[in-house]
Trainee: 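The following block contains the structure, expressed as structure tokens.
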Amino acid sequence: MSHIDPGSSGIGPDRFRERLARARDAAEAAGVQALLLGVGPELEWLTGYQAKPLERLTLLVVAADADPAIVVPRLEVAAAEAAPAIGAGHVRVVPWQETDDPMDAVWELLRAEPGARLAVSDTLRASFVLGLQGTFPGAAFELAGGVVGMLRRVKDADEVALLRLAAHAADRAVLGLAAGRLVGRTEADIAAEVRTRLVDEGHDSASFWIVASGPRSASPHHEPDDRVVRAGEPLLLDIGGRRAGYSSDITRTLWITGGDDALGPDATFRTIHELVRAANAAGRDAVRPGVAAQDVDRAARDVIEAAGHGPDFFHRLGHGIGLEGHEDPYLVAGNEAPLLVGDAFSIEPGVYLEGRYGVRIEDIVVCAEDGADVLNEATRELLVVSGV
Ligand code: ZN
Ligand code: ZN
């Protein structure tokens with residue numbers, strides 16, 4: 001059961017206490033003395049602390065045989081204590097002063113012997129990793145993703161609820177943009193509106209804002225610039241933000257007429273839009289627990305290949321999403337890992353005709369017992385808009 005309602009700001013302290021206990025159990029089961037987690041998604045998942053990535057060390061220490069503690073710069077203590085799990089006392093705060101060596105505090109917490117196994121978060125700065133290696137000579141270091149990655153990959157009901165709220169906010173942002181003025185504006189100007197709309201519709205912040213007009217829509221990661229959007233061409237919008245830490249990510253490709261029916265989509269554009277829509281549907285239909293991630297990619301890709309556009313779909317079908325915009329599981333050939341109930345990921349096939357235009361249709365789905373739970377609700381029909 002989820003306890004998230006539309007006005008909620010996030011996940012409560014009890015859920016974090018459970019996660020901390022599961023992480024500690026996972027460390028113990030793996031024979032790891034401690035998880036050493038710096039600023040990043042693991043810290044956020046375990047404590048709710050969205051810490052600033054500073055040059056000063058912040059390190060959550062989840063030891064197999066001790067209560068969790070977080071080493072925090074003195075000037076960040078108040079921010080750390082505002083996080084649900086830390087404020088609730090589930091994590092002990094160990095502040096270090098400006099003139100201290102924070103590695104001394106980590107040493108006091110662990111006193112790891114040579115041969116001990118210590119698992120560091122995947123994005124911990126190299127300078128901190130080297131500092132830890134100097135503090136615990138002879139310890140064996142590994143990545144914490146191997147210990148807690150699977151715990152974080154599978155989303156619980158609260159996380160799915162937050163992903164759904166973010167998805168719906170992104171849906172409204174896309175549809176709002178589609179209904180507004182587009183012709184005669186630069187991509188950069190529309191991108192600024194994207195950022196505003198993402199926040200106005202319920203995100204805490206905007207994360208990315210691909211606005212690709214005309215031939216630019218054939219470039220999957222186009223950077224919006226001063227090109228002016230015209231009537232008689234497509235506009236690809238791939239946008240997302242974060243709400244209570246959880247990400248949205250939606251793509252829709254519109255056609256802009258400027259109010260002149262003679263400037264409607266040509267037959268090729270209609271054909272590839274329909275093809276991508278069918279591929280998106282085939283991908284969603286293939287989702288079910290136990291199916292290999294690569295088979296979902298295959299199901300969507302088969303549709304595009306059968307129409308002769310295989311070479312024009314040159315990226316993976318999708319990526320996991322949660323506290324990170326891109327995380328496990330990746331829907332790509334070669335990933336034989338079976339989908340699990342609670343996996344959240346994108347389905348985003350595309351067909352890109354270099355120099356002409358491209359189409360991508362992206363939704364976020366959660367793997368449920370009976371198949372895909374599709375979080376995005378914005379129509380996947382071709383939106384032909386006036387844009388004036
Ligand atoms: Zn996207
Ligand atoms: Zn995506």
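Every number for a ligand or one of its atoms is a count from 1 in the order of the listing. Computed over heavy atoms, backbone and side chain alike; hydrogens, waters and symmetry mates excluded.
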Trainee: With sequence neighbours excluded, what pairs up with Tyr352 under the ring-ring contact (aromatic ring centres under 6.0 Å, His included) test?
Mentor: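 With sequence neighbours excluded, Tyr352 shows a ring-ring contact (aromatic ring centres under 6.0 Å, His included) to Phe314, His315, given in chain and number order.
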Trainee: Would you mind writing out the side-chain donor-acceptor pairs for residues 65-74 within the sub-3.5 Å range, not counting sequence neighbours?
Mentor:
from	atom 1	to	atom 2	distance (Å)
Asp67	OD1	Arg24	NH1	3.3

Trainee: Distances under 2.8 Å only: what protein N/O/S atoms are near the Zn ion (ligand 2), ordered by chain and residue?
Mentor: Asp249 OD2, His319 NE2, Glu348 OE2, Glu362 OE2
Trainee: For Tyr357 and Asp266, run side chain to side chain donor-acceptor pair (under 3.5 Å): C-alpha distance rounded to whole Å, both residues' side-chain angles, the deciding distance at 0.1 Å, then the answer.
Mentor: CA-CA 11 Å; Tyr357 42 53; Asp266 59 62; 2.6 Å; yes
Trainee: Would you check if the side chain of Ser121 reaches a backbone N or O of Thr123 as a donor-acceptor pair within less than 3.5 Å?
Mentor: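 Looks like no, no N/O pair under 3.5 Å.
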Trainee: Should Ser217 and His222 be marked as a side chain to side chain donor-acceptor pair (under 3.5 Å) after you check the CA-CA gap, both sets of side-chain angles, and the distance that decides it?
Mentor: CA-CA 7 Å; Ser217 55; His222 172 65; over 6 Å; no
Trainee: Tell me every residue that passes ring-ring contact (aromatic ring centres under 6.0 Å, His included) with Trp209, counting only those two or more places apart in sequence or in another chain.
Mentor: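 Once residues adjacent in sequence are excluded, Trp209 has no partner under the ring-ring contact (aromatic ring centres under 6.0 Å, His included) criterion.
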